[in-house]
A.B. asks: 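Here it is, the structure in full.
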Amino acid sequence: MGVIAIVFSWQNEDNAASQLSSDRESLMTMEALLKGLNEKQREAVTSPLGNALILAGAGSGKTRVLVSRIAWLIEKEQLSPHGILAVTFTNKAAGEMRERLSRLLPHPVMGLWVGTFHGLCHRLLRRHFKDANLPEQFHILDSDDQGRLIKRVIAALNLDSDQWPVKQAQSFINGRKDEGLRPQHINALHYGPTKTLVSIYSAYEQACQTAGVIDFAELLLRTHELLRDNPEILAHYQQRFQAILVDEFQDTNTIQYAWIRLLAGDHAAVMAVGDDDQSIYGWRGAKVENIQQFSRDFRGALVYRLEQNYRSTSTILTAANALITNNNSRMGKDLWTSGAEGEKIMVYSAFNELDEARFVTERIMMEINQGGSADEIAILYRSNAQSRVLEEALLRQGIAYRIYGGMRFFDRAEVKDTLAYLRLLVNPSDDTAFERVVNFPTRGIGEKTLEDLRSYAKAETCSLWAAAKHQLDSGEMAQRAGTALARFIQLIEMLQVKTVAMELDEQLSEVMHSSGLHAHFSKIKGDKSESRLDNLQELINAAKQFRYDQDAEDELPLVSAFLAHASLEAGDMQAEEHERYVHLMTLHAAKGLEFPLVFLVGMEEGVFPGKQSMEEPGRLEEERRLCYVGMTRAMRKLIISYAEVRRLYGREEYHRPSRFVRELPAGLIDEVRVKARYQSPTTITRTKIPSDAETSNGIPLGQTVVHAKFGQGVVLAVEGNGAHTRVQVKFKEQGVKWLVLAYANLILEGEQFL
DNA sequence: GCGACATTGTTTTTT
DNA sequence: ACAATGTCGC
């Protein structure tokens with residue numbers, strides 16, 4: 001049915017588009033648009049209708065080019081918006097593109113597809129659910145749901161959960177799916193762990209199929225198979241999409257690449273935009289090589305390089321360039337700017353993480369006192385755990401901050417519980433939803449009862465819901481358990497009837513109350529219960545909002561659309577407040593953003609680059625790219641810091657400054673000296689910081705020393721002076737380590753306390 | 001079915 | 001250090 005509707009609307013929109021391109025006003029817009037671009041950007045935007053690869057450096061106006069290109073295709077190449085597909089990775093990027101497009105084009109564009117890989121695949125699967133072998137109301141599992149299901153599958157296979165951790169199985173399954181592999185494609189002739197993992201994969205697929213659910217990776221894989229195995233459908237979309245644009249191409253994985261190739265066929269003009277230097281998602285399957293592969297697979301692909309940067313000072317850019325040239329596998333690209341030189345990059349060497357946090361907050365205070373705004377400032381770190389100390393310091397100083405990332409709205413347990421009820425109303429076969437709420441809030445349905453249901457469902461290859469109904473009908477259930485289960489079934493069936501004519505938000509409210517969820521969260525004491533109830537209210541608000549925002553474009557039932565929205569766009573909910581915050585986030589989360597002032601903290605060997613990344617060259621290069629991404633976020637000023645001692649996993653660890661700091665040209669760096677009169681924090685009591693005078697002569701090399709933990713060792717090198725002094729010691733047992741003299745409490749031969 | 005203890009691992013994260 | 005699981009006893 002979808003196909004016919006599409007053909008109709010295509011013709012309508014074609015007419016609309018030809019009227020549009022003869023419009024004088026829009027031609028004017030086009031000229032104005034091109035005038036605002038630099039030469040390289042203009043070349044890319046006006047590239048002939050064919051394949052093109054755009055290597056767009058950080059801050060080179062990538063999104064602008066992409067958006068302008070779409071406008072160009074519509075205005076000058078006279079493509080129908082209906083024939084254009086633009087793909088991104090995140091909802092945020094898709095939203096931004098849509099928004100900028102609507103500002104650029106004089107008329108609202110109908111039929112243009114802009115979305116994430118997952119969002120677009122979802123749309124295709126909804127339209128062609130029968131050919132994709134899915135139930136009409138299939139639900140998308142998020143990784144949490146997926147984990148729960150895999151856990152159950154492992155248990156059902158009678159495998160030892162210690163030997164087969166859920167996480168491992170999950171990443172195995174997702175990894176294979178990202179490669180486009182089904183269980184039968186995986187070579188498991190030999191015995192061993194792979195064979196078991198494949199059987200878990202297989203059983204998991206089966207479980208998903210009976211429950212009518214699919215995971216994120218499956219969205220892509222299933223869509224690829226849908227197109228590959230249904231020539232008419234493929235032909236339809238190949239004919240439809242004359243131009244395909246892909247953002248962040250360096251982040252595409254195998255299946256996404258295959259998906260684009262398939263959809264593009266021989267005719268579509270594919271424009272891939274990416275930056276190999278900003279590839280930071282290799283660990284989750286992204287293949288940078290796809291960029292190199294592009295020119296081979298897509299005929300006559302023209303390559304454009306956008307190297308003029310409009311974001312950062314030349315100091316920051318030169319430093320970032322110097323850093324990234326240490327990577328070997330690069331396509332090569334040098335960012336430049338016609339802008340000002342700017343301030344030098346400040347590098348601060350802190351004693352420990354507390355001192356580092358203190359320094360950062362101090363600089364932020366200075367910045368704000370000089371008229372800067374907090375929201376122009378970002379603190380970037382390698383891992384989330386590093387935010388704690390920074391938070392505490394900011395809190396102490398009363399600086400408003402906001403942490404990005406972490407738990408998102410639709411990921412919250414109480415929200416997911418409520419949605420699980422909703423899912424069950426829509427599709428009682430959804431075993432993941434069933435398992436989640438059948439006994440939550442507790443209603444006397446125990447493990448024993450569930451075990452019976454599971455084994456029946458397994459034997460009959462049916463859903464838990466069907467198993468429950470059957471067990472009840474057959475009267476084989478124990479009195480007590482039977483009543484409890486029957487009450488649950490009745491509850492769901494009652495809700496199905498009662499909510500059928502309700503608005504979405506009313507449905508949710510009804511579900512929350514009838515299920516006892518609301519009462520349950522009201523009962524719990526503590527400060528958490530209030531925020532949980534708030535979240536439930538917020539969910540109702542979100543549903544109400546959703547009702548208004550939803551266009552009738554996709555004729556998906558509103559409930560299903562809302563559930564898909566909850567899975568696919570977990571909702572950052574971060575733009576709501578308008579206060580001015582300092583932004584705290586991981587380097588990964590910072591990609592695509594920019595800030596006038598950027599702090600890069602924790603620049604230590606073992607932290608960044610991380611311990612695990614230091615052995616393998618490939619991973620080290622990815623860490624370096626991550627550093628490059630971080631540096632190029634800064635517009636006006638970049639401040640780097642590292643701590644000589646850091647509390648990590650409960651231990652005090654001594655780290656050397658990150659190699660990335662040393663890879664920056666010395667001339668661009670302004671190294672800030674430590675104040676010798678630093679007051680030691682109360683938590684570290686044993687610390688004795690020597691004055692300059694005390695240690696100015698340093699320790700003789702070769703001196704034998706004793707360390708409380710590491711034992712006896714020999715001094716190999718001494719670096720720095722004053723409170724700053726570090727010594728390199730070769731210990732008998734523990735090997736070679738760098739220690740900060742002020743913290744190490746070394747005892748020299750002769751019992752002299754340093 | 002819940003609370004008290006033990007065990008465990010601990011980059012990065014979207015969809 | 002610490003949080004987030006899992007196990008055990010009532």
Side-chain angles (χ1 to χ4, degrees), chain A residues 87-94 115-122 140-148 151 155 161-162 165-168 171 174 177-178 214-221 223 247-248 251-253 255-256 279-286 353 380-389 404-408 410-411 413 439-450 484 520 524 564-572 585-592 602 606-614 619-620 622-623 625-627 629-630 646-653 683:
Chain A
V87 199
T88 64
F89 275 83
T90 65
N91 292 300
K92 204 175 146 202
T116 62
F117 278 101
H118 297 266
L120 295 165
C121 287
H122 175 237
I140 303 160
L141 296 186
D142 64 22
S143 24
D144 181 63
D145 295 328
Q146 186 189 33
R148 288 162 188 269
K151 190 175 167 184
S161 61
D162 291 328
V166 173
K167 290 218 158 160
Q168 190 198 342
S171 68
N174 290 335
K177 287 190 180 186
D178 286 344
I214 72 176
D215 59 53
F216 291 130
E218 185 77 24
L219 279 168
L220 296 159
L221 181 50
T223 307
D247 192 16
E248 305 280 15
D251 290 337
T252 51
N253 63 30
I255 193 71
Q256 286 160 338
S279 158
I280 56 175
Y281 286 109
W283 51 275
R284 67 176 196 217
E353 75 277 9
L380 311 181
Y381 36 81
R382 175 68 241 257
S383 73
N384 284 308
Q386 290 169 258
S387 71
R388 268 260 289 268
V389 195
Y404 290 77
M407 174 94 11
R408 282 164 322 159
F410 288 108
D411 289 338
N439 199 33
F440 187 81
T442 50
R443 47 172 72 88
I445 300 171
E447 199 51 36
K448 173 75 173 61
T449 312
L450 274 173
H520 174 80
I524 300 174
H565 170 79
S567 304
L568 242 31
E569 313 184 24
D572 292 328
M585 65 187 91
T586 62
L587 287 154
H588 283 91
K591 190 164 97 165
V607 175
F608 187 35
K611 231 185 182 81
Q612 302 95 318
S613 311
M614 295 200 298
R619 310 191 77 193
L620 182 68
E622 183 153 314
E623 293 282 291
R625 291 195 290 269
L626 191 55
C627 184
V629 167
R646 182 177 294 272
R647 222 160 231 293
L648 211 59
Y649 307 137
R651 303 237 155 270
E652 270 192 343
E653 297 205 356
T683 45

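Residue numbering restarts at 1 for every chain, and letters A, B, ... go by the order of the sequence lines. Side chains included, hydrogens not; waters and symmetry mates left out as well; all remaining heavy atoms used.
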A.B. asks: B:dT13 P sits how many Å from A:Asp411 CG, rounded?
C.D. replies: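 To the nearest whole Å, that distance equals 13 Å.
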A.B. asks: Between B:dT12 atom C1' and A:Asp251 atom CG, what is the distance in whole Å?
C.D. replies: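 Result: 12 Å.
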A.B. asks: Taking atom C1' of B:dT12 as reference, at what distance in whole Å does atom CD1 of A:Ile280 sit?
C.D. replies: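 Interatomic distance, CD1 of A:Ile280 to C1' of B:dT12: 8 Å.
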A.B. asks: Are a donor atom and an acceptor atom from the side chains of A:Asp178 and A:Gln256 found within less than 3.5 Å of each other?
C.D. replies: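 On atom types as modelled, these side chains do not qualify, holding no pair under 3.5 Å.
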A.B. asks: Quick one: the side chain of A:Arg619 and the base of B:dT11, do they pair up donor-acceptor inside 3.5 Å?
C.D. replies: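 Side chain to base: pair found, below 3.5 Å.
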A.B. asks: Rounded off to whole Å, could you give me the NZ-to-C1' distance for the A:Lys167 and B:dG9 pair?
C.D. replies: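 Interatomic distance, NZ of A:Lys167 to C1' of B:dG9: 9 Å.
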A.B. asks: Pick the C1' atom in B:dT13 and in C:dC2, then give their distance to the nearest Å.
C.D. replies: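 Per the computed distance, 22 Å lies between those C1' atoms.
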A.B. asks: Whole Å only: how far is the CD atom of A:Gln386 from the C1' atom of B:dT10?
C.D. replies: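 About 13 Å, once rounded to whole Å.
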A.B. asks: Please give, in whole Å, the distance from C:dA3 P to A:Met407 CE?
C.D. replies: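 Answer to the nearest Å: 15 Å.
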A.B. asks: Between A:Glu623 and A:Arg382, is there a salt bridge with N-O shorter than 4.0 Å?
C.D. replies: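 Yes.
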A.B. asks: Are any of A:Arg651's side-chain N or O atoms less than 4.0 Å away from OP1 or OP2 of C:dC2?
C.D. replies: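 No, outside the criterion.
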A.B. asks: Tell me whether A:Glu248 contacts the main-chain N or O of A:Phe89 through its side chain, where contact means a donor paired with an acceptor under 3.5 Å.
C.D. replies: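 Side chain of A:Glu248 to backbone of A:Phe89: no pair is present.
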A.B. asks: When you compare B:dT11 with C:dA4, how far apart are their P atoms, in angstrom units rounded to a whole number?
C.D. replies: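 B:dT11 and C:dA4 have their P atoms separated by 14 Å.
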A.B. asks: Determine yes or no for a side-chain-to-main-chain donor-acceptor pair under 3.5 angstrom, with A:Thr449 supplying the side chain and A:Ile445 the backbone.
C.D. replies: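 No, because the side chain of A:Thr449 does not come within donor-acceptor range (under 3.5 Å) of the backbone of A:Ile445.
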A.B. asks: Should the pair A:Lys591-A:Asp251 be classified as a salt bridge under the 4.0 Å nitrogen-to-oxygen rule?
C.D. replies: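 Answer for the salt bridge query: yes.
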A.B. asks: Does OP1 or OP2 of B:dT15 have a side-chain N or O of A:Asn253 closer than 4.0 Å?
C.D. replies: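 So the side chain of A:Asn253 is outside the cut-off, no N or O lying under 4.0 Å from OP1 or OP2 of B:dT15.
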A.B. asks: Students often get this wrong, so: under 4.0 angstrom with heavy atoms, is A:Asp215 touching a base, only sugar-phosphate, or nothing?
C.D. replies: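 The answer is nothing, as A:Asp215 stays clear of every strand by at least 4.0 Å.
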A.B. asks: Tell me whether the guanidinium CZ or amine NZ of A:Arg284 lies under 6.0 angstrom from the six-membered ring centre of A:Tyr281 and within 45° of its axis.
C.D. replies: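 Yes; both conditions hold, so A:Arg284 lies above the ring face of A:Tyr281.
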A.B. asks: By nearest nucleotide on DNA chain B, pick out whichever of A:Ile445 and A:Leu587 is the more 5' one.
C.D. replies: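 It is A:Ile445 whose nearest nucleotide is closer to the 5' end.
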A.B. asks: Considering only side-chain heavy atoms of A:Thr586, which listed nucleotide, B:dT13, C:dA3, C:dA1, is closest?
C.D. replies: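 Closest nucleotide among those given: B:dT13.
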A.B. asks: Could you check whether A:Tyr649 gets within reach of a base, just the sugar-phosphate, or nothing at all, counting any heavy atom under 4.0 Å?
C.D. replies: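 Base, at least one base atom sits under 4.0 Å.
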A.B. asks: How would you label the contact of A:Ser143 with the nucleic acid (heavy atoms, under 4.0 Å): base, sugar-phosphate, or nothing?
C.D. replies: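 Base, at least one base heavy atom under 4.0 Å.
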A.B. asks: Compare the minimum distances between each of B:dT11, B:dT15, B:dT13 and the side chain of A:Arg382, then state the nucleotide with the smallest one.
C.D. replies: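 Among the listed nucleotides, the one closest to the side chain of A:Arg382 is B:dT11.
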A.B. asks: How long is the line joining CG of A:Asp142 and P of B:dT13, in whole Å?
C.D. replies: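 It is 16 Å, rounded to the nearest whole Å.
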A.B. asks: Counting the atoms with a prime plus P, OP1 and OP2 as sugar-phosphate, which does A:Lys151 contact under 4.0 Å by heavy atoms, base, sugar-phosphate, or nothing?
C.D. replies: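 Answer is sugar-phosphate: A:Lys151 comes under 4.0 Å of backbone atoms only.
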A.B. asks: Any side-chain N or O of A:Asn384 under 4.0 Å from OP1/OP2 of B:dT11?
C.D. replies: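 Answer no for this pair, as no side-chain N or O of A:Asn384 is under 4.0 Å from OP1 or OP2.
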A.B. asks: Give me the distance, rounded to whole Å, that separates B:dT14 from C:dA3 when you measure between the C1' atoms they each carry.
C.D. replies: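 Their C1' atoms lie roughly 24 Å apart.
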A.B. asks: What's the closest nucleotide to the A:Arg408 side chain, out of B:dT15, C:dA1, B:dT13?
C.D. replies: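 Given the options B:dT15, C:dA1, B:dT13, the side chain of A:Arg408 is closest to B:dT15.
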A.B. asks: Consider the side chain of A:Ser613, meaning its heavy atoms from C-beta on, and name the nucleotide among B:dT11, C:dA3, B:dT15 that approaches it most closely.
C.D. replies: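 Nearest to the side-chain atoms of A:Ser613, counting from C-beta on, is B:dT11.
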A.B. asks: Kindly indicate whether the side chain of A:Ser383 and the base of B:dT10 share any N or O donor-acceptor pair separated by less than 3.5 Å?
C.D. replies: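 No pair found.
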A.B. asks: Less than 4.0 angstrom from a charged side-chain N to a carboxylate O is my criterion; do A:Arg619 and A:Glu622 meet it?
C.D. replies: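 Looking at A:Glu622 together with A:Arg619, the answer is no, because their closest N to O distance does not fall below 4.0 Å.
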A.B. asks: Want to settle it: does A:Thr442 or A:Arg284 sit nearer the 5' end of DNA chain B, counting the closest nucleotide to each?
C.D. replies: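 Between the two, 5'-proximity favours A:Thr442.
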A.B. asks: Taking only the side-chain nitrogens and oxygens of A:Asn91, find out if one of them lies under 4.0 Å from OP1 or OP2 of B:dT14.
C.D. replies: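 Checking B:dT14 against A:Asn91, no side-chain N or O comes under 4.0 Å of OP1 or OP2.
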A.B. asks: Atom CE of A:Met585 to atom P of B:dT14: distance rounded to whole Å?
C.D. replies: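 Rounded to whole Å, this separation is 12 Å.
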A.B. asks: Within the stacking criterion (centroid distance below 5.5 Å, interplanar angle below 30°), does A:Tyr281 stack on B:dT13?
C.D. replies: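 No, A:Tyr281 does not stack on the base of B:dT13, since the centre distance and plane angle fail the 5.5 Å and 30° test.
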